[in-house]
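Keep in mind that the numbers below use all heavy atoms, side chains included, and drop hydrogens, waters and symmetry copies. Chain A is the first sequence line, chain B the second, and so forth, proteins listed ahead of strands; every chain is numbered from 1.
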Amino acid sequence: MINRKSNTVKNTLKCVLVLGIIAVVCVALLAVANKFLQVEIMLDRATSDMINSIAPTGLDDEKAFNERYIEMVDLSKGEYAIKSIDDFNEKGSNKKVRALYKSKNSSGKITYVVESEGKGYVDAIVLLIAYDSQKNITGMAVKSQMESFWDHISDINTVYGAFIGTSASATHTSSQIAASTGVTVKKTLAGITDGVNVANEFVLALGDLPDAEGRA
Amino acid sequence: MDIKKVKETALGGLLNNPVFVLVLGMCPTIGMSTNVTNALGLGLATAFVLVFSNVFVSLLRKVIPDKVRLPSYIIIIATFVTLVQLFLVKFLPSLNASIGRFIPLIVVNCIILGRAEAFASKNGAGYAALDGLSMGLGFTCSLVLLGAVRMALIAAGFGIFETAAGGFITLGLMMALFNYVLGLYRNHAKAKLLKGGSSL
């Protein structure tokens with residue numbers, strides 16, 4: 001009987017050990033793969049066109065992109081209070097900032113666009129939010145989403161309207177936005193609200209934002 | 001090397017086609033066969049996971065205790081599915097936007113777990129890889145064929161074939177045709193065997 005018991009314990013330990021080793025090896029493999037397959041955020045044409053629609057340069061999309069009237073900001077090179085987006089983002093949080101862009105019009109006036117994300121019902125909802133130098137939201141667009149019930153939002157501009165004109169110092173709740181817009185898809189709205197809130201926190205943490213730049 | 005076994009394994013994807021014969025992986029089959037590009041992408045992703053998970057399950061078959069074989073297989077399969085997802089996000093973002101939702105479902109695709117359990121856990125790594133490749137390509141070809149037929153019918157103005165109902169109708173008809181042709185082949189092979197020739 002003692003032998004049978006010790007065999008059962010031995011077998012159980014073997015099962016746990018084998019499963020544990022397989023799990024550890026797989027996690028290590030994925031950690032290595034993740035290092036090499038990480039996506040670097042870059043300004044592509046599609047993103048530039050969206051930025052040109054919410055923070056207009058006054059030029060056509062092609063010219064705005066090619067002549068770098070819209071560009072990604074390297075925080076380490078500017079006079080910003082945050083030197084890296086990774087330093088700002090909370091590890092393991094569902095809401096985070098992905099990138100900062102600048103959109104300059106022909107007279108040199110700058111609008112800042114934050115690319116942020118919040119967790120919706122299915123996955124991340126990625127937003128582009130435009131701020132003026134006074135840190136008020138002047139424009140907004142959804143860059144990407146995979147929400148199952150996105151069609152239930154009859155007019156996304158109503159949702160944008162709830163945020164545009166507000167200051168970065170405002171903290172929004174999805175229940176307030178739901179009440180003012182009539183949108184009922186709670187988790188999707190929560191994802192959008194989180195994306196805006198984290199972008200607001202980021203903009204506040206950046207410090208002063210210059211509103212113009214000399215440009216020929 | 002057993003040539004007969006190699007031949008049987010290599011033809012497995014055709015004679016035991018996972019979609020038309022075994023009726024496995026129906027969810028991605030119906031969901032992703034509205035478009036040939038998406039069908040090809042998902043099929044190749046599934047084939048990749050099938051080959052590598054089969055190989056690893058086969059290599060570890062004598063080490064994994066019977067009681068934890070299914071959780072072990074799932075961990076191995078999920079690892080390769082995650083690798084596929086990371087690859088798609090990095091190098092093929094537009095394809096990921098189309099089929100990304102179905103990639104995690106590969107983990108619970110019956111084809112993968114079924115072949116791991118039925119074949120890879122009982123055979124060597126070489127045969128397991130060949131089986132994975134054969135089944136994976138069989139699945140891919142079925143998906144692409146179904147996608148092409150549905151696309152043609154949708155382009156001809158039959159909107160119903162864009163829906164799941166249309167998908168099932170197309171699948172059912174193609175399954176019937178495939179199995180009819182397969183039956184003819186098998187009867188022919190049987191008749192040849194009875195006459196003293198070799199079959200398969």
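Rounding to the nearest 0.5 Å places CD1 of A:I22 at 12.5 Å from CD1 of B:I74.
Atom CD of A:Q176 has more than 12 heavy atoms from other residues, nucleotides or ligands within 6.0 Å. The 12-atom threshold is not exceeded at CD of B:E162, counting heavy atoms of other residues, nucleotides or ligands nearer than 6.0 Å. Around the NZ atom of A:K187, the shell of radius 6.0 Å holds no more than 12 heavy atoms that belong to other residues, nucleotides or ligands. Sparse packing is recorded around CZ of B:F56, with 12 or fewer heavy atoms of other residues, nucleotides or ligands lying under 6.0 Å away. Within 6.0 Å of the NZ atom in A:K83, the count of heavy atoms belonging to other residues, nucleotides or ligands exceeds 12. For A:F88, the CZ atom counts as densely surrounded, since its 6.0 Å shell holds more than 12 non-hydrogen atoms of other residues, nucleotides or ligands.
Contacts of A:D123 with chain B are absent, with no heavy-atom separation under 4.5 Å from either backbone or side chain. For B:F91, the part sitting under 4.5 Å from any heavy atom of chain A is the side chain, from C-beta outward, and nothing else.
Scanning both residues, A:C26 and B:I76, for their nearest heavy atoms gives SG-CA, 4.4 Å. When all heavy atoms of B:I64 and A:V18 are compared, the pair lying nearest together is CA-CG1, 4.1 Å.
Considering A:V27, A:L19, A:V25 in turn, A:L19 is the only one that fulfils the side chain to side chain contact (heavy atoms under 4.5 Å, CB included) rule with B:I75. Among the candidates B:V89, B:L88, B:L86, the single residue satisfying the side chain to side chain contact (heavy atoms under 4.5 Å, CB included) test with A:L37 is B:L86.
In this structure, B:V68 and A:V16 have side chains that are not in contact, with every pair of non-hydrogen atoms separated by 4.5 Å or more.
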